Visitor: 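Quick one: the structure is below, and I'll ask about it shortly.
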Amino acid sequence: FGAGTLAGLRVVVSAGPTYEDIDPVRFIGNRSSGRMGFAVAEAAALAGAEVTLVAGPVSLPTPPGVARRIDVRSAAQMREAVLAGAAQADIYVGAAAVGDYRPLEVAPHKLKKQDGAPLALQLTENPDILKELAARSPRPFLVGFAAETRELAAYAQDKLARKGLDMIAANRVGAGLGFEAEDNALAVYWPGGGEELPRAPKRDLATRLVACIAERYRATYA
Ligand code: C5P
């Protein structure tokens with residue numbers, strides 16, 4: 001096997017946003033389109049991996065070659081699907097924009113206006129899926145994403161260390177890049193190294209990222 005191949009490896013990729021319900025008709029979401037994660041899933045399958053794609057609410061077709069797709073809505077559902085899949089996985093790529101918070105309570109009926117008074121919504125933190133995986137033994141090779149609007153390198157490297165990851169792919173959001181954009185640019189870091197993947201369509205970038213993951217995976221488990 002060449003260094004860029006994922007042949008014989010099982011890869012779980014999470015992609016897209018999560019939606020946290022407020023009441024039967026409203027939710028808290030985010031602007032992740034799922035395109036980067038779907039592109040990573042496709043590239044990993046092309047590299048020979050058996051790919052499980054855990055997708056948040058997106059309207060994207062399943063990429064060719066992806067072995068299975070699990071559609072979820074909330075962070076809790078994503079956590080469950082990822083933890084189940086990751087138990088047998090060699091590599092987990094967390095490309096999903098998992099909501100940090102969810103409403104403490106989901107209202108059983110549609111919330112009504114408060115006659116001009118402010119409406120307070122109490123939120124509670126969601127579990128961190130990557131962090132939870134990092135604490136497991138054995139655990140898959142862990143790749144996280146970091147979307148930042150400033151201090152990209154510092155925040156990403158801090159996240160790499162703090163979450164106990166093997167690799168992190170950082171992208172600047174805004175200025176036609178990142179969320180909802182066709183193109184992306186990534187700075188990839190691992191303990192003791194890194195690589196810049198310059199601006200390119202998300203599919204090309206995903207191919208390069210997967211090659212980088214394969215190389216680091218081989219270097220780690222050689
Ligand atoms: O800390 P932050 O949310 O910026 O980290 C982003 C990375 O962590 C992504 O890889 C994302 O999939 C993952 N994450 C997670 N569970 C959360 C929040 C983020 O796995 N609750």
Side-chain angles (χ1 to χ4, degrees), residues 11-21 27-41 43-44 51-58 70-87 89 91-104 123-136 139-174 177-179 184 186-191 194 197 202 205-206 209-210 212-213 216-217:
V11 176
V12 175
V13 181
S14 69
T18 61
Y19 285 178
E20 307 297 337
D21 287 336
F27 61 85
I28 299 171
N30 64 67
R31 291 168 61 170
S32 167
S33 68
R35 278 204 292 258
M36 191 66 223
F38 273 57
V40 169
V51 178
T52 299
L53 175 57
V54 179
V58 296
I70 303 163
D71 287 303
V72 299
R73 179 174 169 84
S74 65
Q77 291 168 354
M78 183 167 278
R79 173 180 170 274
E80 217 164 287
V82 167
L83 293 184
I91 298 171
Y92 170 64
V93 184
V98 184
D100 288 332
Y101 290 90
R102 68 177 184 278
L104 191 57
L123 305 179
T124 185
E125 215 173 300
N126 275 326
D128 191 308
I129 302 167
L130 263 179
K131 234 181 178 167
E132 208 170 321
L133 278 175
R136 292 193 161 191
R139 66 160 178 75
F141 183 89
L142 295 176
V143 184
F145 270 75
E148 305 289 352
T149 55
R150 61 196 174 104
E151 300 204 51
L152 190 66
Y155 281 140
Q157 281 163 322
D158 173 67
K159 218 163 270 185
L160 177 76
R162 199 163 32 80
K163 297 201 189 204
L165 309 179
D166 298 295
M167 188 184 257
I168 195 151
N171 63 297
R172 196 176 290 285
V173 289
L177 293 171
F179 287 178
N184 210 354
L186 295 174
V188 181
Y189 304 98
W190 53 85
L197 307 183
K202 286 179 177 174
L205 206 57
L209 176 62
V210 162
C212 195
I213 291 170
R216 291 309 308 161
Y217 178 86

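Every number for a ligand or one of its atoms is a count from 1 in the order of the listing. As the structure is a prediction and not an experimental result, all values here were calculated from the model.
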Visitor: Check this for me, if you would: do Asp166 and Arg139 make a salt bridge, where the nitrogen-to-carboxylate-oxygen distance has to be below 4.0 angstrom?
Guide: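 Yes.
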
Visitor: Which heavy atom of Ala147 sits nearest a heavy atom of Val173, and at what distance?
Guide: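 Reported closest heavy-atom pair: CB-CG1, 3.7 Å.
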
Visitor: Hey, does Met167 have a side-chain heavy atom less than 4.5 Å from the side chain of Tyr217?
Guide: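 Answer no - side chains too far apart.
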
Visitor: Give a yes or no answer on whether the side chain of Asn171 reaches the backbone of Asn184 with a donor-acceptor pair at less than 3.5 Å.
Guide: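 A pair under 3.5 Å: no.
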
Visitor: How close do Arg102 and Asn126 get, counting heavy atoms only, and between which atoms?
Guide: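 Closest approach of Arg102 to Asn126, heavy atoms only: NH1-OD1, 2.8 Å.
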
Visitor: Considering only heavy atoms, which protein residues lie less than 4.0 Å from any atom of ligand 1?
Guide: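 If the criterion is a heavy atom under 4.0 Å, then ligand 1 touches Gly94, Ala96, Val98, Asp100, Pro127, Asp128, Ile129, Leu130, Gly144, Phe145, Lys159, Lys163.
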
Visitor: Ignoring hydrogens, what is the shortest heavy-atom contact between Ala170 and Tyr189? Give both atom names and the distance.
Guide: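 So the minimum-distance heavy-atom pair works out to CB-CE1, 4.4 Å.
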
